[in-house]
Visitor: 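Below you'll find the structure I mean.
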Amino acid sequence: MLTHNIKMNKIERIYSSLYKKYGPQGWWPLLELNIKGVNPTKTGSMKGYHPGDYSYPCTEKQRFEICVGAILTQNTSWIQAEKSLSNLNSAKILNPKSIIEIERGKLASLIKPAGYFNQKSRKLKEFSDFYFGLKGKIPSREQLLNVWGIGEETADSMLLYAFKIPTFVVDAYTKRIFSALGIINKNAKYSEIKPLFESSIKKNLEIYQEYHALIVEHGKRIMEKNNQAAFAADLHL
DNA sequence: AACCAGGACGTGA
DNA sequence: TCACGTCATGGT
């Protein structure tokens, strides 16, 4: 990992600090792993993660599941998205063809726990249509952004965790934490933050997957304590 | 009992 | 471009 480097920039040092503090996060969580019982200690849902194992997704179904999860978790806690995901799986419609064919209202009721069910049911249908047309190919970022309901973070999450392309994911926690650390200003745009990270860290899939996951984990813990001022202190910088 | 969650889109300035 | 409003359930 990055700790082998003697000269690390600030962004790399924060990664090392987070990794040392929390360890590998095992993103993206997958439903099937709940049964196996891979179960690290962490905030929120404690199932589905596979820390230190970067072989996932190893099936087409898992790849699609990650994309669906990325849409369901938009502005929604993972625990709620996971319930919806589980509903889809139980209904045996966790595949593009079934989501295209199912009645929209019925789809909406299945994903109710994740909130925004009218918007998200439409998003899932439009994305499934797109995914079906890929026929196994890996989409470009631009292609993903052209799908209604997929913005920058969702597109990057899909690329990083479902399609295994090292691209940096910026989320609300990233903005809060790194603006609190004085590394970016708090109204910095996605299109400015992303290249900052990508120019600071070598493009390594495992590191990019871990970094975003670690930021979310740290963000959650800080928010639990309701103490955003402790961002920097908690990183021992 | 307000506040927020692993955002994105539509609208009017 | 940008600042807001909207979408919606369930935790704490």
Side-chain angles (χ1 to χ4, degrees), chain A residues 18 22 24-31 40 42-51 56 65-88 104-105 107-128 130 141-163 167-179 185-194 197 208-228 231:
Chain A
L18 286 170
Y22 300 121
Q25 296 300 297
W27 277 37
W28 187 282
L30 290 161
L31 285 176
K42 52 195 355 298
T43 57
S45 169
M46 299 200 289
K47 303 174 194 171
Y49 298 91
H50 41 90
Y56 297 103
E65 176 189 329
I66 292 170
C67 294
V68 170
I71 291 172
L72 290 175
T73 198
Q74 286 174 355
N75 201 37
T76 302
S77 62
W78 176 250
I79 191 84
Q80 295 301 116
E82 193 178 46
K83 290 176 190 168
S84 300
L85 209 48
S86 181
N87 287 345
L88 297 178
R104 201 200 56 79
L107 177 59
S109 69
L110 285 169
I111 63 170
K112 201 170 177 185
Y116 309 100
F117 47 78
N118 288 317
Q119 291 191 344
K120 284 177 179 174
S121 58
R122 177 185 167 193
K123 290 179 181 181
L124 289 182
K125 277 187 162 294
E126 301 216 10
F127 175 73
S128 295
F130 168 77
R141 189 171 193 267
E142 289 67 34
Q143 282 180 296
L144 287 169
L145 290 174
N146 281 334
V147 180
W148 188 87
I150 299 183
E152 295 193 282
E153 182 182 344
T154 305
D156 287 334
S157 293
M158 288 179 178
L159 288 171
L160 181 61
Y161 294 106
F163 297 100
T167 188
F168 201 85
V169 179
V170 179
D171 73 326
Y173 288 133
T174 311
K175 294 176 184 171
R176 286 185 214 167
I177 293 174
F178 288 85
S179 62
N185 53 3
K186 61 176 182 289
N187 44 23
K189 292 178 299 183
Y190 196 106
S191 57
E192 318 180 81
I193 302 171
K194 181 182 172 70
F197 279 83
Y208 276 43
Q209 289 187 338
E210 292 293 359
Y211 208 158
H212 174 61
L214 286 164
I215 287 169
V216 173
E217 181 63 20
H218 186 63
K220 282 181 182 173
R221 298 200 184 210
I222 294 299
M223 293 309 288
E224 274 180 359
K225 291 187 289 184
N226 196 22
N227 180 14
Q228 300 190 35
F231 277 140

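By convention in this document, chain letters (A, B, ...) are assigned in the order of the sequence lines, proteins followed by strands, and residues within each chain are numbered from 1.
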Visitor: Can you check the distance between C:dA8 and B:dG10, where both ends of the measurement are the P atom (answer in whole Å)?
Guide: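 Each nucleotide's P atom is 14 Å from the other's.
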
Visitor: Angle between ring planes, A:Phe168 versus A:Tyr208, binned at 30° and 60°: parallel, tilted or perpendicular?
Guide: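 Taking A:Tyr208 first and then A:Phe168, their aromatic rings stand perpendicular (interplane angle over 60°).
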
Visitor: Report yes if a donor N or O on one partner sits less than 3.5 Å from an acceptor N or O on the other, where the partners are the side chain of A:Tyr173 and the base of B:dG7; otherwise report no.
Guide: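 Such a pair does not exist between side chain and base.
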
Visitor: Could you check A:Trp148 against A:Ala172 and say which one's nearest nucleotide on DNA chain B is further toward the 5' end?
Guide: A:Ala172

Visitor: Rounded to whole angstrom units, what separation is found between the CG atom of A:Leu110 and the P atom of C:dT9?
Guide: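 After rounding, the gap between these two atoms is 15 Å.
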
Visitor: With a 3.5 angstrom cut-off on both distances, give the Watson-Crick or G-U wobble partner of B:dG10, or none if there isn't one.
Guide: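 The base-pairing partner of B:dG10, which may sit in any strand shown, is C:dC4.
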
Visitor: Can the ring centres of A:Tyr173 and A:His218 be said to be less than 6.0 Å apart?
Guide: no

Visitor: Nearest to the side chain of A:Tyr116, which nucleotide is it out of B:dA8, C:dC7, C:dC2?
Guide: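 Of the options given, the side chain of A:Tyr116 lies nearest C:dC7.
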
Visitor: Could you state the CD1-P distance from A:Ile79 to B:dG6, rounded to the nearest angstrom?
Guide: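 Value for this atom pair: 10 Å.
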
Visitor: Over how many whole Å does the gap from A:Ile222 atom CD1 to B:dA5 atom P extend?
Guide: 13 Å

Visitor: Under a 3.5 Å limit for both distances, which nucleotide forms a Watson-Crick or G-U wobble pair with C:dT9, could you say?
Guide: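 Partner of C:dT9: B:dA5.
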
Visitor: Please determine whether a side-chain nitrogen or oxygen atom of A:Thr73 lies at a distance below 4.0 Å from atom OP1 or OP2 of B:dG7.
Guide: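 For B:dG7, OP1/OP2 do not have a side-chain N/O of A:Thr73 under 4.0 Å.
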
Visitor: Base, sugar-phosphate alone, or nothing: which one does A:Ile215 contact when heavy atoms must sit under 4.0 Å apart?
Guide: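 Result for A:Ile215 = nothing.
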
Visitor: Under 30°, 30 to 60°, or over 60°: which ring-plane class applies to A:Tyr161 and A:His212, parallel, tilted or perpendicular?
Guide: tilted

Visitor: Could you tell me how far C:dC7 sits from B:dA1 if I compare only their P atoms? Round to whole Å.
Guide: 24 Å

Visitor: Please determine if a side-chain N or O atom of A:Trp78 lies less than 4.0 Å away from the OP1 or OP2 oxygen of B:dG7.
Guide: no

Visitor: When rounded to the nearest Å, what value does the distance between P atoms of C:dC2 and B:dG6 take?
Guide: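 After rounding to an integer number of Å, I get 27 Å for this pair.
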
Visitor: Once you round it to whole Å, what is the distance between P of B:dG6 and OH of A:Tyr22?
Guide: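 Answer to the nearest Å: 14 Å.
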
Visitor: So, A:Thr76 side chain and A:Ala114 main chain: donor-acceptor pair closer than 3.5 Å or not?
Guide: yes

Visitor: Side chain of A:Trp28: nearest nucleotide among B:dA8, C:dC7, B:dG6?
Guide: B:dG6

Visitor: Quick one: is A:Asn118 getting a side-chain N or O under 4.0 Å of the C:dA8 phosphate, OP1 or OP2?
Guide: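 Yes, such a contact exists.
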
Visitor: Does one side chain, of A:Asn87 or A:Ser84, offer a donor that lies under 3.5 Å from an acceptor on the other?
Guide: no

Visitor: Is A:Ser179 reaching over with its side chain to a backbone N or O of A:Arg176, donor-acceptor style, under 3.5 angstrom?
Guide: yes

Visitor: Round to the nearest Å and state the distance from A:Phe127 atom CZ to B:dC9 atom C1'.
Guide: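 Rounded to the whole Å, the gap is 18 Å.
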
Visitor: Could you state the CZ-P distance from A:Phe117 to C:dC7, rounded to the nearest angstrom?
Guide: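 Interatomic distance, CZ of A:Phe117 to P of C:dC7: 11 Å.
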
Visitor: What form does the base of B:dG12 take, syn (within 90° of 0) or anti?
Guide: anti

Visitor: Check every strand shown and say whether A:Gln80 touches a base, only sugar-phosphate, or nothing at a heavy-atom separation below 4.0 Å.
Guide: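 Sugar-phosphate only.
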
Visitor: May I ask you to say what A:Lys83 touches in the nucleic acid, namely base, sugar-phosphate or nothing, with a heavy-atom cut-off under 4.0 Å?
Guide: sugar-phosphate

Visitor: To the nearest angstrom, how far is A:Lys120 atom NZ from B:dG6 atom P?
Guide: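 In whole Å, B:dG6 P lies 11 Å from A:Lys120 NZ.
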
Visitor: Check whether any side-chain nitrogen or oxygen of A:Arg221 sits under 4.0 Å from OP1 or OP2 of B:dG6, and answer yes or no.
Guide: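 No, A:Arg221 has no side-chain N/O under 4.0 Å of OP1/OP2 on B:dG6.
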
Visitor: Can you tell me which nucleotide in C:dA8, B:dG6, C:dT9 comes closest to the side chain of A:Asn75?
Guide: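 From the listed options, C:dA8 comes nearest.
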
Visitor: CD1 of A:Ile150 versus P of B:dG6: gap in Å, rounded?
Guide: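 Taking atom P of B:dG6 as the reference, CD1 of A:Ile150 is at 20 Å.
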
